[in-house]
Asks: 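My questions will all concern the structure given below.
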Amino acid sequence: MNIILLGPPGAGKGTQARILETERGLTQLSTGDMLREAKDSGTEMGKMVAGVMARGELVTDEIVIGLIREKLAAGGSGFIFDGFPRTLAQADALGALLEEMNQTLDKVVELRVDDEALVARITARSTCGSCGEVYNDLTKPIPADGKCSNCGGTEFKRRADDNEESLKTRLMAYYKQTSPLIGYYYAKGNHAAVDGLGEIDAVKAEIAIALA
Ligand code: AMP
């Protein structure tokens, strides 16, 4: 099964992708994580995208399609695309790549949330520096003993682009460039929308229904 999690920044794509990984043995492919890795390890590409990411704009289609192509070329199946595709060109490219591999896109799950909730969520979020587990000061705080519940790590970081200024640009990029994908996949017949505002488990249950 290959699925896309679609939704604005802070909708919960990363959190739900990790749950699907653990519970269904799928593989999360997050272009945001791949780009942050490139940036942190100081590769040429990482240096090129750092400013764009900090501002909250989209990295070029060529770069992100290249990253996904590389991952898919490594083989396997059962992918959760998280934060990709974000433009119509990326969606077309993904369709072509899957076709080349004789694979299908089974479902595109759109996580719906309102904009005010996004700002509140994003400014409260942090991740474990070791395993990437996502925490939120309001809904899923870091455990009282200061240890990640998933891996026991003790270092937590906040994303550089999780500030109000970048968030405005990221939201605008979502509405201008990514939200047309909702209609695109609706027309293809594999779109499902779930309410992303509820508790993590409630959203998980809705996704399970959408995937059944
Ligand atoms: P994310 O972790 O998905 O919120 O992505 C963080 C940042 O990485 C975005 O604000 C973009 O600058 C960049 N990025 C991630 N995925 C893509 C994509 N599919 N297309 C273009 N830029 C992306």
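Computation of the quantities below employed the complete heavy-atom set of this structure, encompassing side-chain atoms and omitting hydrogens, waters and symmetry-equivalent molecules. Atoms within a ligand are numbered from 1 in the order they appear, just like the ligands themselves. Sequential numbering from 1 along the given sequence is applied to the chain's residues.
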Asks: To the nearest 0.5 angstrom, please state how far the OG1 atom of Thr22 sits from the CD atom of Gln28.
Replies: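 The distance works out to 9.5 Å.
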Asks: For ligand 1, which is the ligand I care about here, please tell me if Arg159 has any N or O atom under 3.5 Å from one of the ligand's N or O atoms.
Replies: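 The answer is yes, given that Arg159 and ligand 1 share an N or O pair closer than 3.5 Å.
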Asks: Quick one: which ligand 1 atoms are inside 4.0 Å of a heavy atom on Gln90?
Replies: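 Close to Gln90: 18 (C), 19 (N), 20 (N), 21 (C).
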Asks: Tell me which part of Val64 gets within contact of ligand 1: side chain, backbone, both or neither, using heavy atoms under 4.0 Å.
Replies: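 The answer is the side chain.
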Asks: Among all protein non-hydrogen atoms, which one is nearest to atom 22 (N) of ligand 1, and what is the separation to 0.1 Å?
Replies: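 For atom 22 (N) of ligand 1, the nearest protein heavy atom comes out as Val59 N, 3.1 Å.
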Asks: Return the set of residues passing ring pair (Phe, Tyr, Trp, His ring centres under 6.0 Å) with Phe156 (not counting sequence neighbours), or none when no residue passes.
Replies: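 Ring pair (Phe, Tyr, Trp, His ring centres under 6.0 Å) check on Phe156 returns Tyr135.
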Asks: How long is the straight-line distance from CZ of Phe79 back to CD1 of Ile4, given to the nearest 0.5 Å?
Replies: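 Here the rounded value is 13.0 Å.
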Asks: Suppose the criterion is salt bridge (Lys or Arg N to Asp or Glu O under 4.0 Å): which pairs have a residue in residues 13-30, not counting sequence neighbours?
Replies: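 For residues 13-30: Arg18-Glu133, Glu23-Lys204.
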Asks: Identify the two heavy atoms, one from Cys151 and one from Ser130, that lie closest to each other, and give their separation to 0.1 Å.
Replies: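 Heavy atoms of Cys151 and Ser130 come nearest at SG-CB, 3.8 Å.
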Asks: Is Met53 in polar range of ligand 1, meaning some N or O pair under 3.5 Å apart?
Replies: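 No - when backbone and side-chain N and O of Met53 are compared with those of ligand 1, no distance drops under 3.5 Å.
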Asks: Do Gln177 and Met172 have side chains that approach each other closer than 4.5 Å (heavy atoms only, starting at C-beta)?
Replies: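 Gln177 vs Met172: side chains apart.
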Asks: Can Arg36 be said to touch ligand 1, with heavy atoms closer than 4.0 Å?
Replies: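 Contact present.
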Asks: Which option out of Arg86, Glu57, Arg170 puts a heavy atom nearest to atom 1 (P) of ligand 1?
Replies: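 That would be Arg86.
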Asks: Out of Leu167, Leu35, Ile63, indicate the one that has the non-hydrogen atom closest to atom 23 (C) of ligand 1.
Replies: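 Among Leu167, Leu35, Ile63, the closest heavy atom to atom 23 (C) of ligand 1 belongs to Leu35.
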Asks: Would you say the side chain of Ile80 lies within less than 4.5 Å of the side chain of Leu29, judging by non-hydrogen atoms?
Replies: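 No, every pair of side-chain atoms sits at 4.5 Å or beyond.
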Asks: Is there a nitrogen or oxygen of Leu58 sitting under 3.5 Å from a nitrogen or oxygen of ligand 1?
Replies: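 No, Leu58 has no N/O under 3.5 Å of an N/O on ligand 1.
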Asks: Quick one: nearest non-hydrogen protein atom to atom 16 (N) of ligand 1, plus distance?
Replies: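 Of the protein heavy atoms, Thr31 OG1, 2.8 Å lies nearest.
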